[in-house]
Protein chains: 2
Amino acid sequence: MSAVSIIVAVVNGEFYATPAFAVTAVTLGGFGTGLVRWYRDADPPEKRDAMVTAATAWAVIGFLGGLPFLLVAWTIQIDPFPVWMNTPPMDDTTVIFLNPLDAVFESMSGFTGTGLTMAAVEDKLPRSIHWWRSFIEWVGGVGVIVLTVAILHRGGGSSGSYTLYESEARSEKIHPSIVTTVQEIWKIFVGLTIGSIILFLLVGMPLWDAINHGMTGIATGGFSVHGASIGHYDSPLIEYAVVPVMFAGSIAFPIHYLIFKGELRNFYADLQTRWVFIWFTAGSLALAAILYANGQYDTLEHTFRASVFQFVSAVSNTGFGTETIGGGTDRVWDTGATLFMCLGMLTGGAAGSTTSGLKIIRMVTLFKGTAWQIRDVFEPSSAIRYLKIGDRRLSEEQAQREYTEATVVFILWILFLIIGVAVLLRVLSPGHPLEYVIFDVMSAQSNVGLDSGITGPTMPDTAKAMLIINMWVGRLEIIPVAVLLGSIFQRLNLYR
Amino acid sequence: MSAVSIIVAVVNGEFYATPAFAVTAVTLGGFGTGLVRWYRDADPPEKRDAMVTAATAWAVIGFLGGLPFLLVAWTIQIDPFPVWMNTPPMDDTTVIFLNPLDAVFESMSGFTGTGLTMAAVEDKLPRSIHWWRSFIEWVGGVGVIVLTVAILHRGGGSSGSYTLYESEARSEKIHPSIVTTVQEIWKIFVGLTIGSIILFLLVGMPLWDAINHGMTGIATGGFSVHGASIGHYDSPLIEYAVVPVMFAGSIAFPIHYLIFKGELRNFYADLQTRWVFIWFTAGSLALAAILYANGQYDTLEHTFRASVFQFVSAVSNTGFGTETIGGGTDRVWDTGATLFMCLGMLTGGAAGSTTSGLKIIRMVTLFKGTAWQIRDVFEPSSAIRYLKIGDRRLSEEQAQREYTEATVVFILWILFLIIGVAVLLRVLSPGHPLEYVIFDVMSAQSNVGLDSGITGPTMPDTAKAMLIINMWVGRLEIIPVAVLLGSIFQRLNLYR
Ligand SMILES: [K+]
Ligand SMILES: [K+]
């Protein structure tokens with residue numbers, strides 16, 4: 001697959017970059033083939049194996065995906081090729097990728113669809129690196145949909161919350177076979193990407209930008225080809241045009257499919273999508289109210305546009321930006337607005353989309369489930385207990401299972417968030433407001449990619465490593481990672 | 001009961017204060033009698049009724065307990081009595097209680113054993129008010145032990161975590177009858193109070209101080225008769241002597257009883273007490289390491305003493321202080337040390353003691369339970385599943401019930417904490433670091449009483465009202481309040 005990148009390099013005249021991508025193609029190809037072979041020989045995987053495989057594969061691919069960044073930077077540094085291969089002089093953005101940790105950070109940020117970057121000024125990067133960044137976010141986006149829709153759903157049982165939108169969509173599975181499901185989703189994903197690129201061209205984005213932002217937008221990845229992200233264009237029209245793309249990326253792809261097939265009238269007919277839409281609207285307005293009260297921006301339109309864009313970017317976990325939220329140690333947005341954005345990043349969009357975070361459906365399960373547990377105390381025990389979420393009526397056992405799943409994920413989420421914040425507080429120079437530290441860790445773990453001025457090439461290595469872990473556990477919604485760690489501990493015990 | 005306060009006023013020659021306490025005695029006496037009558041006529045209360053009663057009673061008593069503050073301040077302001085009644089001139093600390101909100105804050109802080117205060121310089125308050133503050137914390141301490149040990153335990157079922165230490169102590173109940181249990185606890189509580197007072201006298205505390213600090217120490221209430229709290233004496237000996245009193249207040253009173261009876265060899269034989277002890281030790285050392293690394297205090301001994309005292313005060317939810325943690329908008333302790341204290345306040349001590357917070361046993365249930373839920377995925381489903389906490393082996397159903405109880409409390413706890421922080425951020429002037437805001441809300445909700453310089457007479461009324469609510473829900477461990485709110489909503493629905 002990464003062979004496509006060689007073509008991109010050639011088309012853009014960046015011949016010096018082709019060996020780097022060739023090495024990557026061989027390495028990733030080898031890993032992929034090995035994985036497929038190992039799977040073919042094995043029995044149909046159990047749920048545990050599927051989880052362990054997903055967690056391991058994401059880690060390994062995230063690691064190997066750092067090769068192009070490292071190798072292209074090396075190539076430019078060493079400059080071993082003849083002139084016709086167009087090796088450019090080294091610049092101060094690309095040079096950072098000589099450090100393997102930064103290369104792995106960028107790759108993990110891409111494959112997890114996070115979009116936090118070690119590139120100080122993206123504009124200076126070679127186009128083949130632009131492409132690689134967008135491409136891995138796009139592939140990672142497909143990967144996570146396939147993972148949630150196909151693999152994790154097979155077990156049914158304990159990934160409780162996810163069964164919700166299936167019943168809402170009135171079909172147990174879209175297609176009986178996983179292979180077909182994956183193919184259908186792939187087609188929809190490609191279609192939506194092309195649609196986004198065309199939309200961006202129509203509102204005046206240059207071709208190269210439209211291709212990259214179309215790919216990273218629909219994948220809610222958020223890498224940009226500009227240091228100022230979407231703010232680069234200084235165009236309200238483009239900013240408003242990006243919002244629906246982020247929205248499209250944050251609703252379940254099975255819903256896209258059902259609408260395409262005519263089985264669902266519109267987005268609003270689906271419960272989960274309705275919640276996403278309501279949260280986008282209400283949250284954007286609330287953020288606008290906070291920022292307007294703070295006098296953050298000069299006009300009401302500017303405040304409204306900044307709020308809608310940033311909030312939708314946060315909840316959809318895309319990470320495109322048009323405004324500066326924080327300057328590291330210098331305050332821009334106040335504590336309240338910053339934490340409200342954190343809440344948005346925490347919830348995320350719909351399960352079955354490319355968004356990350358806890359997912360709105362889990363938040364609803366947490367709230368309704370907690371109220372339901374309380375109600376238990378003051379309702380006669382003889383009454384038939386059930387939990388109503390949307391149109392679904394859950395039996396006591398089912399409700400208990402889904403509530404427990406949501407609480408386990410929530411508790412582990414908070415735990416990893418606290419670990420990340422503690423580590424960053426320890427290694428960062430003092431003076432970063434706590435809410436900005438929380439913001440960047442939340443952004444990494446929810447795979448958002450917005451930052452408050454903390455994340456960047458100059459941050460300590462320990463902080464970079466910590467955020468890599470936060471991105472990884474967040475993308476997999478923690479449980480597969482916990483199962484992987486548990487399996488390792490168990491095995492260590494066995495051999496002791 | 002508040003008639004005792006009249007005697008205290010008379011003994012100290014504060015005759016002008018007697019009418020205020022007489023009015024309070026009549027009011028509270030009337031309420032108490034009404035409550036007892038209502039109970040005597042009613043059927044044995046169901047669990048729901050017990051919870052609703054506890055939540056309501058605590059709110060009403062907290063409200064009415066503000067009377068002496070308000071009335072004494074009024075008396076001094078109006079000065080209606082002849083000279084022999086010794087009405088003093090008004091001072092700038094007592095004057096604040098002319099505002100009923102501040103009087104209610106002080107009372108709720110006392111009855112919930114919090115110890116946050118609206119008194120700028122406690123030294124200036126009349127002695128009868130000193131006494132009233134100490135007395136309501138002491139009574140509130142007994143109240144909460146009785147509540148958890150006797151009333152909430154009767155239902156058994158869903159107050160899961162609490163059954164833990166009972167089985168650890170190897171008897172389902174200490175005494176079969178609730179009345180006897182209450183009497184036994186009362187005796188132990190009085191004995192420990194007297195012991196604390198004697199200890200404080202021995203290390204050189206003046207009599208009046210020893211009486212008040214003995215009462216508020218064993219009740220882990222934390223009101224002091226000095227503005228600088230225990231730091232007033234500038235005596236390492238006194239500081240070290242206060243630590244074991246706070247420890248005694250943070251272990252389960254049934255354990256005190258079992259040790260007294262010789263049924264338990266020592267504190268260390270009880271699992272919960274062991275955890276409290278280990279957490280005190282490890283946490284104090286960790287805090288000392290952080291503060292020493294920050295160069296907060298001049299010597300290692302000072303760092304050690306400050307850390308042990310402040311951390312034990314935080315985890316035991318006492319709230320005595322010897323050092324300044326924060327100056328409101330001025331930083332003293334850094335973010336890491338402040339948040340580590342928040343963690344200590346969150347956990348609290350043992351269930352069945354006068355401490356508040358989530359309780360260490362719930363934290364253990366949350367951690368072990370979450371790991372147990374994860375293990376579920378990779379252990380063959382045919383295996384018999386059980387959860388081991390300490391020496392107890394919980395069946396699947398039992399474990400699930402206790403885990404759910406812990407998660408419900410945890411989620412509601414976080415929710416009320418977030419509401420408190422959001423409200424304070426909104427109404428406080430900007431410039432208060434987020435970690436200090438979290439600290440004060442956590443201190444209120446865990447009924448600790450330490451502050452970072454934010455809580456005080458000059459804070460906005462909305463913030464005071466919010467902290468009153470945080471103290472109330474925290475003291476009752478949230479579920480009774482949630483049940484009360486739920487019952488009210490339910491009733492409103494019925495009559496609509
Ligand atoms: K993203
Ligand atoms: K306290």
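Just the heavy atoms: all of them, side chains too, but no hydrogens, waters or symmetry mates, feed the values below. Chain A is the first sequence line, chain B the second, and so forth, proteins listed ahead of strands; every chain is numbered from 1. Keep in mind the model is a prediction, meaning the values are calculated, not measured.
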A.B. asks: Kindly indicate whether the side chain of Phe410(B), heavy atoms from C-beta on, has any atom under 4.5 Å from the side chain of Thr407(A).
C.D. replies: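 Of all side-chain heavy-atom pairs linking Thr407(A) with Phe410(B), none is under 4.5 Å.
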A.B. asks: Select one option (side chain, backbone, both, neither) describing which atoms of Ala293(B) are under 4.5 Å from chain A's heavy atoms.
C.D. replies: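 Just its side chain gets close to chain A.
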A.B. asks: Please state whether the side chain, the backbone, both or neither of Tyr403(A) comes within less than 4.5 Å of a heavy atom of chain B.
C.D. replies: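 Looking at Tyr403(A), just its side chain touches chain B.
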A.B. asks: Counting only heavy atoms not in Tyr297(B) (residues, nucleotides, ligands), do more than 12 fall under 6.0 Å from its OH?
C.D. replies: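 More than 12 within 6.0 Å, yes.
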A.B. asks: Pairs under 3.5 angstrom only: tabulate donor-acceptor contacts from the side chains of residues 417-436 of chain A to other protein residues two or more places apart or in another chain.
C.D. replies:
unit_1    : atom_1 : unit_2    : atom_2 : d
His432(A) : ND1    : Gly328(A) : O      : 3.4
Glu435(A) : OE2    : Arg331(A) : NH1    : 2.6
Glu435(A) : OE2    : Arg331(A) : NH2    : 3.0
Glu435(A) : OE2    : Thr335(A) : OG1    : 2.9
Tyr436(A) : OH     : Ile325(A) : O      : 3.4
Tyr436(A) : OH     : Val332(A) : N      : 2.8
Tyr436(A) : OH     : Trp333(A) : N      : 3.4
Tyr436(A) : OH     : Trp333(A) : O      : 2.8

A.B. asks: Can you check whether Ile411(A) reaches Phe367(B) side chain to side chain, under 4.5 Å on heavy atoms?
C.D. replies: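 No. Closest side-chain heavy atoms not under 4.5 Å.
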A.B. asks: Would you say the side-chain atoms of Thr404(B) and Gln373(A) include a donor-acceptor pair closer than 3.5 Å?
C.D. replies: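 Side chains of Thr404(B) and Gln373(A): no pair found under 3.5 Å.
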A.B. asks: Any idea which heavy atoms bring Ile374(A) and Leu412(B) closest together, and the distance?
C.D. replies: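 That closest heavy-atom pairing would be CD1-CD1, 3.9 Å.
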A.B. asks: Nearest 0.5 Å please: distance from the CD1 atom of Ile414(B) over to the CG atom of Leu366(A).
C.D. replies: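 Reported to 0.5 Å precision, the distance equals 11.5 Å.
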A.B. asks: Please classify the contact of Leu339(A) with chain B as side chain, backbone, both or neither, using a heavy-atom distance under 4.5 Å.
C.D. replies: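 Just its side chain gets close to chain B.
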A.B. asks: Please classify the contact of Ile438(B) with chain A as side chain, backbone, both or neither, using a heavy-atom distance under 4.5 Å.
C.D. replies: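 Only the side chain of Ile438(B) comes within 4.5 Å of chain A.
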